[in-house]
Amino acid sequence: VDAGHEPTVYEARNVLGGKVSAWQDEDGDWIETGLHIFFGAYPNIMNLFNELEIHDRLQWKIHQMIFAMQQLPGEFTTFDFIPGIPAPFNFGLAILMNQKMLTLAEKIQTAPPLIPMLIEGQSFIDEQDELSVTEFMRKYGMPERINEEVFIAMAKALDFIDPDKLSMTVVLTAMNRFLNESNGLQMAFLDGNQPDRVCAPMKDYVEARGGAVKTSSPIQEIVTNDDGSIKHLLMRTGDKVIADEYVSAMPVDVVKRMIPKSWANMPYFRQFDELEGIPVINLHMWFDTKLQGVDHLCFSRSPLLSVYADMSVTCKEYYDPEKSMLELVFAPCSPIAGGSVNWIARSDEEIIDATMGELARLFPKEIANDSEWPATSEQGPNGKAKLIKYAVVKVPRSVYAAIPGRNKYRPSQTSPIPHFTLAGDWTSQKFLGSMEGAVLGGKLAAEVVANRALGNADKPLKAIQDHIVSSAKSHVATEPVGLKGDGAISFGAGAVGFGGQKELLLETDPSQFVEA
């Protein structure tokens with residue numbers, strides 16, 4: 001809209017936000033698809049908030065990282081960033097001052113492998129995509145204990161996956177931003193629910209400038225002309241949408257099911273087969289009393305949990321002085337993500353019981369011995385906090401799995417189809433699947449459209465791997481399978497209890513139910 005266009009946004013679901021969406025349950029409590037944190041090293045997000053004049057909706061926390069101590073249940077340790085000390089020295093000093101996680105010798109041994117990242121920058125970072133975090137550590141002689149103390153927590157927070165499965169490029173990209181910006185690791189929570197506090201201002205901005213945003217508007221088919229160009233979009237209502245430009249912001253797993261037959265042999269689209277979304281589970285757990293909490297994000301360093309926060313403390317809208325509501329990321333949760341148990345296929349009760357066991361370790365003096373949850377059976381008599389409500393949000397296909405060697409398959413926003421452009425965090429941009437990556441991917445897609453509108457030639461397509469080009473020639477093209485159902489999971493989002501779509505998921509994505 002800022003470039004003078006009149007876009008129409010078609011959202012398949014009845015809520016906006018995709019993987020940042022949220023909705024209210026029967027009690028009026030907000031259920032979020034994921035626990036979302038904003039970092040100072042998110043320049044595109046920060047620019048977006050400034051343009052929408054909603055920067056004051058971010059609740060910035062003390063500049064520190066908080067880790068649960070695995071060997072000392074109930075205790076935490078921190079990396080504290082001292083104000084006024086510039087990057088990267090503030091990051092180094094924060095690690096040096098911490099005396100509980102790594103020895104001085106281990107800290108010194110960790111630093112040299114990271115120096116090329118600071119000197120060579122993105123070129124060195126991109127070259128490490130073929131290595132997992134664990135492989136990079138061992139190649140460069142980093143101490144094994146840094147994996148247990150730091151990288152497991154970092155990998156699960158970045159991509160819901162363990163470090164032996166995660167590309168080192170993801171970790172280095174994050175570290176490079178954090179090391180080069182003094183406030184890069186400072187975190188903020190949104191002051192309320194995402195639909196009202198972020199999505200609504202974006203919708204209002206578009207509509208105030210001549211655009212339109214339509215919900216409950218799923219596409220049935222991308223209809224093409226004989227030459228492969230887009231003839232129109234066929235909506236499920238039977239309506240036809242004809243436009244000057246078409247931009248897809250669908251997740252990769254959804255796009256793969258929508259590719260027209262006339263595009264199926266093109267190498268550009270065949271490389272999508274090398275990418276897939278990773279499963280994750282987001283938990284909401286309400287307790288009948290207040291847990292010892294901090295006004296911050298916590299890295300649990302648990303085998304089952306990634307990060308968590310007491311939203312009754314960290315978020316203004318959810319504030320409750322009497323009771324706690326924890327929001328937790330349960331990962332890795334399936335063999336697809338490298339997990340040893342397929343939790344995505346387990347019942348909500350099994351997932352919550354396992355989580356209660358982990359919370360009993362994190363809060364040994366507070367979680368009650370509750371017969372409803374066997375995992376709490378060893379809790380002592382002092383624990384009083386009992387679970388009174390929970391919600392288990394399963395996202396079978398979340399952000400793309402950033403396993404080693406995937407970056408080369410992430411497509412350029414420019415496509416070989418005239419007037420068709422790709423957006424999304426899985427497209428080629430320097431950030432991983434994240435809010436920042438999604439905004440940057442959208443910005444790059446907008447630049448393609450704006451540049452084309454000025455009469456300029458499109459930028460060249462990103463190079464496609466030779467083996468993809470070769471295999472595309474023999475690929476047997478078929479009609480797209482399309483999308484079935486109208487629930488959140490059909491469109492690549494998350495839902496409580498599969499949103500009533502378990503049988504459909506069994507049919508369309510049976511790998512979700514394969515045991516480890």
Inspect the contact between [Y] and [X] and indicate whether a charged nitrogen and a carboxylate oxygen are less than 4.0 angstrom apart.
X: R406; Y: E276; result: no
X: R177; Y: E181; result: yes
X: D27; Y: K389; result: yes
X: E372; Y: K386; result: no
X: R397; Y: D509; result: yes
X: R301; Y: E149; result: yes
X: D288; Y: K323; result: no
X: K256; Y: D273; result: no

- Please test I82 against L93 for side chain to side chain contact (heavy atoms under 4.5 Å, CB included), starting from the C-alpha separation and ending with a verdict. CA-CA 8 Å; I82 299 176; L93 186 59; 3.6 Å; yes
Is it true that [Y] and [X] share a donor-acceptor pair across their side chains at a distance under 3.5 Å?
X: N47; Y: N44; result: no
X: N98; Y: T77; result: yes
X: E358; Y: S302; result: yes
X: T289; Y: E322; result: no
X: D164; Y: S132; result: no
X: D191; Y: Q59; result: no
X: S334; Y: N342; result: no

So, for [X] and [Y], which heavy atoms are closest and what is the spacing to 0.1 Å?
X: I66; Y: L297; result: CB-O, 3.9 Å
X: A22; Y: V15; result: O-CG1, 4.3 Å
X: W343; Y: I351; result: O-CD1, 3.4 Å
X: K107; Y: I95; result: NZ-O, 2.9 Å
X: R410; Y: F431; result: NH2-O, 2.9 Å
X: H296; Y: T314; result: N-CG2, 3.4 Å

- If you draw a 6.0 Å radius around CD in E350, do more than 12 non-hydrogen atoms from other residues or ligands fall strictly inside? yes
- Answer yes or no: does atom CD of E515 have more than 12 heavy-atom neighbours from other residues, nucleotides or ligands under 6.0 Å? yes
- Task: Take K156 and S300 through the side chain to side chain donor-acceptor pair (under 3.5 Å) test and state the conclusion after the steps.
- Result: CA-CA 10 Å; K156 290 167 68 167; S300 74; 5.6 Å; no
Return the [atom1] to [atom2] distance between [X] and [Y], rounded to the nearest 0.5 Å.
X: N407; Y: D129; atom1: CG; atom2: CG; result: 4.0 Å
X: Y409; Y: Y400; atom1: OH; atom2: OH; result: 13.5 Å
X: L362; Y: L359; atom1: CG; atom2: CG; result: 6.0 Å
X: I278; Y: S398; atom1: CD1; atom2: OG; result: 8.0 Å
X: L48; Y: M435; atom1: CG; atom2: CE; result: 10.5 Å

- Query: When you look at F272 and W426, which way does the ring-ring contact (aromatic ring centres under 6.0 Å, His included) test go after all the steps?
  - Reply: CA-CA 10 Å; F272 297 3; W426 60 279; 5.1 Å; yes
A side-chain contact here means heavy atoms from C-beta on lying under 4.5 Å apart; do [X] and [Y] qualify?
X: M101; Y: V150; result: yes
X: F124; Y: P116; result: yes
X: M142; Y: P113; result: yes
X: M65; Y: F299; result: yes
X: I489; Y: P396; result: yes

- Check the pair F49, F38 against ring-ring contact (aromatic ring centres under 6.0 Å, His included), reporting the backbone distance first and the verdict last. CA-CA 11 Å; F49 273 57; F38 300 83; 5.4 Å; yes
- Query: Once the angle between the rings of F498 and F513 is folded into 0 to 90°, is it parallel (under 30°), tilted (30 to 60°) or perpendicular (over 60°)?
  - Reply: tilted
- Query: Could you go step by step and tell me if N282 and E32 meet the side chain to side chain donor-acceptor pair (under 3.5 Å) rule?
  - Reply: CA-CA 8 Å; N282 196 54; E32 301 180 348; 5.5 Å; no
- Task: Start with the C-alpha distance between T169 and Q128, add both sets of side-chain angles, then the distance that settles side chain to side chain donor-acceptor pair (under 3.5 Å), and finish with yes or no.
- Result: CA-CA 5 Å; T169 288; Q128 311 314 308; over 6 Å; no
- Task: Could you check F178 against F39 for ring-ring contact (aromatic ring centres under 6.0 Å, His included), going step by step and ending with a plain yes or no?
- Result: CA-CA 9 Å; F178 299 153; F39 287 93; 5.5 Å; yes
- Run the side chain to side chain donor-acceptor pair (under 3.5 Å) check on S21 and Q194 step by step: do they pass? CA-CA 6 Å; S21 61; Q194 295 100 327; over 6 Å; no
- Message: Working note: F330 + F160, criterion ring-ring contact (aromatic ring centres under 6.0 Å, His included); need CA distance, chi angles, decisive distance, verdict.
- Response: CA-CA 8 Å; F330 193 105; F160 318 131; over 10 Å; no
- Task: Determine the sole option in Y308, F79, F76 for which the ring pair (Phe, Tyr, Trp, His ring centres under 6.0 Å) test with F67 is passed.
- Result: F79
